[in-house]
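Remarks on the structure that follows.
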Protein chains: 2
Amino acid sequence: MSINIYDIAKKAGVSAATVSRVINNKPHVREETKRNILNIISSMNYTPNALARNLSTGNTLNIGFLIPDIENPFFSQLLRGLTNASERYGYNIFLYGTDDSIEKEHRFFRSVKAERLSGIIVIPIDANNAESCKRLLEFEKAGVPVVLIDRGLKNCRLNGVFSEDFNGSYAAVDCLLQEGHRRIATIKGPENSRPGNERWLGYLAALEKWNIKPEERYIRQGNFHEELAYELMHSLMEQSEPPTAIFSSNNMTSLGCLHYITEKGLILGGDISMIGFDDMDILKCMNIKLSVVDRDVYSMGWNAIELLTKRLAELSNKDKNEISCRQEIFVPTKLILRGSEKWRG
Amino acid sequence: MSINIYDIAKKAGVSAATVSRVINNKPHVREETKRNILNIISSMNYTPNALARNLSTGNTLNIGFLIPDIENPFFSQLLRGLTNASERYGYNIFLYGTDDSIEKEHRFFRSVKAERLSGIIVIPIDANNAESCKRLLEFEKAGVPVVLIDRGLKNCRLNGVFSEDFNGSYAAVDCLLQEGHRRIATIKGPENSRPGNERWLGYLAALEKWNIKPEERYIRQGNFHEELAYELMHSLMEQSEPPTAIFSSNNMTSLGCLHYITEKGLILGGDISMIGFDDMDILKCMNIKLSVVDRDVYSMGWNAIELLTKRLAELSNKDKNEISCRQEIFVPTKLILRGSEKWRG
DNA sequence: TTGTAGGCGTTATCAG
DNA sequence: CTGATAACGCCTACAA
């Protein structure tokens, strides 16, 4: 096959053990021996076999990432944070696209085990899926740390990086109320998603603060996708007393709303007001002054890797047998006002 | 550590070899023995260690994917095609985000070798980079097939999946000419990119067909990113005799153009005409009738995996020692007219 | 049909 | 500071 550690050893007139020490920057090697070996390594263009090393150490630097919808720009941004951070920390990323299919999600769990990944970062598809929850807890117990991002799992206490969905949503709806709106509609996220639920609770809480009863006619069950949101906008707007403002629960939903709004030629912040969750670069290009609840998505990805790194470090210091703290990180949200929240502006 | 093939063997009262045969679906195992082993495997929740297997067979089912700009929706779509196809064929994807940094690209090549990936799919950053070319050819020679996507490398004959950039661009510009435009500007892609160059040649060829001389004042050097395109639009439009139509060489560039156009309140297909390369879902939502050169990006990703699969199969049939054909697949483009090409519409 | 034994390329533990 | 040698978990001739 390809050139191995013995070839180097032979050439250098030493044993494989010494070469191994050099490769791994271990102490107790004479400076000269080291230099010589290093030279031979580079001149023979030798690259240690990671498979063999991992097998021997029982520890890969590979981490798995399960992502439900690769084309959603939110996830792309996350992915960039993740890949950058994992490069920084020396991990390889195994990418698994689950495409919103729970079967795929489960299939990938098997892969994770087979490949002996040292950690996984998961955006679970269904917060209520007991099987996923079980499998993930098994990983944790087996010493494979799990970090959730954005979405969570019900009754499944794991590490995770989330955002302040409740606060963000509350602030957005509160803002609309301050603007004078009283008929505020929302298109909810999927019921089995933590962010969807939190944002819904934020909506309710803001209404309650202002002593306003939530009304069925202004509430729609969305699925975080554009098509449905677009349809729901029709049913929201084409009723006798339509809402004066919309709170949309994610970026795709906002697109659906905007689709309807631009199609009807409505003026944002004039004919209809709106605040969406999650910013999109595209809005700027299109000169669309949509107010949004923003958060640092890139850093969510980065934080997830750091959290994982920390957990992995704790696991390798098993000698102290510390009980490590579970951590949930909540990235703050920020309300960015661009005018679409205005009433009859 | 975790449970291994010997544990299963002991429990089943057979040797590890027999268990191995069962795991790999090899013949010459009594049906009953097989059933029994399978039962034990599932009851003990055993998953074979892929690292050990790969080390032993010298063949991983892992393939690397180098992508320059994860947040570009074109690449997201590609990524979806790739992940779906690789799941279908049983590969794992190692994702490497190069972020347009040639150093990262080279660093990842090292990783590819260390991890003994069985193939790589690359979107090279710089078509003129000799080092990348050299490394990729080395991989090919070492039996690690390489498939390029979209972008290529100069003087580096490798397998690849591209699209009919020249034809697409030619058709777009020809269409603008048919509409009566004579002052057609273009914002070019990077000079070191194959698609950028092909699309530029298509532009020139179309002009030539109509006997029109390309004019410096209507040509700008872009970089496939939005910001620069936006700036270049200023310099294009704010001259004494501005162009009447724009041909934009990729999706991000189109965004930059649209940014300018919407900001100035220009009417697409009225005040200014335009055709872009690559469609974007977003356009529909924003009700923007941009005509585009479209291609099936998802299938480009899928095709890349299929090409790789074929090459891998050929390599394993080394006994025949066939010289396998290098393949370049060119996905067709399609001009989608939505009105923005019209003149004084 | 099944078992034995050696090898894949490293690392790690002891000795020296 | 360096070298044998035994793992790591699986596959695969070859033998039985």
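Chain letters run A, B, ... following the sequence lines, proteins first, then strands; residues in each count from 1. Note that the structure is a prediction, hence the values are computed from the model and not measured.
Donor-acceptor pairing under 3.5 Å, judged by distance alone, is absent between the side chain of B/S56 and the base of D/dG9. With hydrogens and angles ignored, a donor-acceptor pair closer than 3.5 Å exists between the side chain of B/R21 and the base of C/dG3.
A donor-acceptor contact closer than 3.5 angstrom links the side chains of A/Y91 and A/T309.
Using a 4.0 Å heavy-atom distance criterion, A/P48 is classed as a sugar-phosphate-only contact. Note on B/N24: only backbone sugar-phosphate atoms sit closer than 4.0 angstrom, heavy atoms only; bases stay farther off.
The distance between atom CG of A/L61 and atom P of C/dT11, rounded to the nearest whole Å, is 12 Å. Summarising the geometry, the separation between CG on B/N54 and P on D/dC8 is reported as 19 Å, rounded to the nearest angstrom. The separation between B/Y6 atom OH and C/dA5 atom P is 11 Å, rounded to whole Å. The CG atom of B/N59 sits 17 Å away from the P atom of D/dC10 (whole-angstrom rounding). Atom P of nucleotide D/dT2 and atom NZ of A/K10 are separated by 20 Å, given to the nearest angstrom. Regarding A/N49, its CG atom lies at a distance of 18 Å from the P atom of D/dC8, rounded to whole Å. Taking atom CD1 of residue B/I5 and atom P of nucleotide D/dT12, one finds them 11 Å apart after rounding to whole Å. Atom pair A/L55:CG and C/dG9:P shows a separation of 12 Å (rounding to whole Å applied).
Checking A/I23 against B/V29, the closest nucleotide of DNA chain C that is more toward the 5' end is the one next to B/V29. Between B/K34 and B/R116, the residue anchored nearer the 5' end of DNA chain C, judged by the nucleotide with its closest heavy atom, is B/K34. Comparing B/A17 and A/E31, the nucleotide of DNA chain D nearest to each residue sits closer to the 5' end for A/E31.
Classification of B/R311 and B/E314 as a salt-bridged pair holds, one side-chain N sitting under 4.0 Å from a carboxylate O.
A close approach under 4.0 Å does occur between a side-chain nitrogen or oxygen of B/K26 and OP1 or OP2 of D/dT12. Checking the phosphate oxygens (OP1, OP2) of C/dG9, no side-chain nitrogen or oxygen of A/R53 falls inside 4.0 Å. Within the 4.0 Å cut-off from OP1 or OP2 of D/dG3, at least one side-chain nitrogen or oxygen of A/T18 is found. Put simply, A/S20 has a side-chain N or O that comes within less than 4.0 Å of OP1 or OP2 on C/dT11. Considering only side-chain N and O atoms, A/N4 lies under 4.0 angstrom from the phosphate OP1 or OP2 of C/dG9. For C/dT10, one of the phosphate oxygens OP1 or OP2 lies less than 4.0 angstrom from a side-chain nitrogen or oxygen of A/Y46.
Shown here for A/P145 and A/L315, the closest heavy-atom pair between the two residues is CD-CD1, 3.6 Å. Residues B/D126 and B/L153 share a closest heavy-atom pair of O-CD2, 3.3 Å. A pairwise comparison of heavy atoms in A/T47 and B/R116 identifies O-NH2, 3.1 Å as the closest pair.
Closest to the A/S15 side chain, of the nucleotides C/dT10, D/dA4, C/dT1, is D/dA4.
Ring-plane geometry between B/F162 and B/F330 is classed as tilted, the angle between the planes lying from 30 to 60 degrees on a 0 to 90 degree scale.
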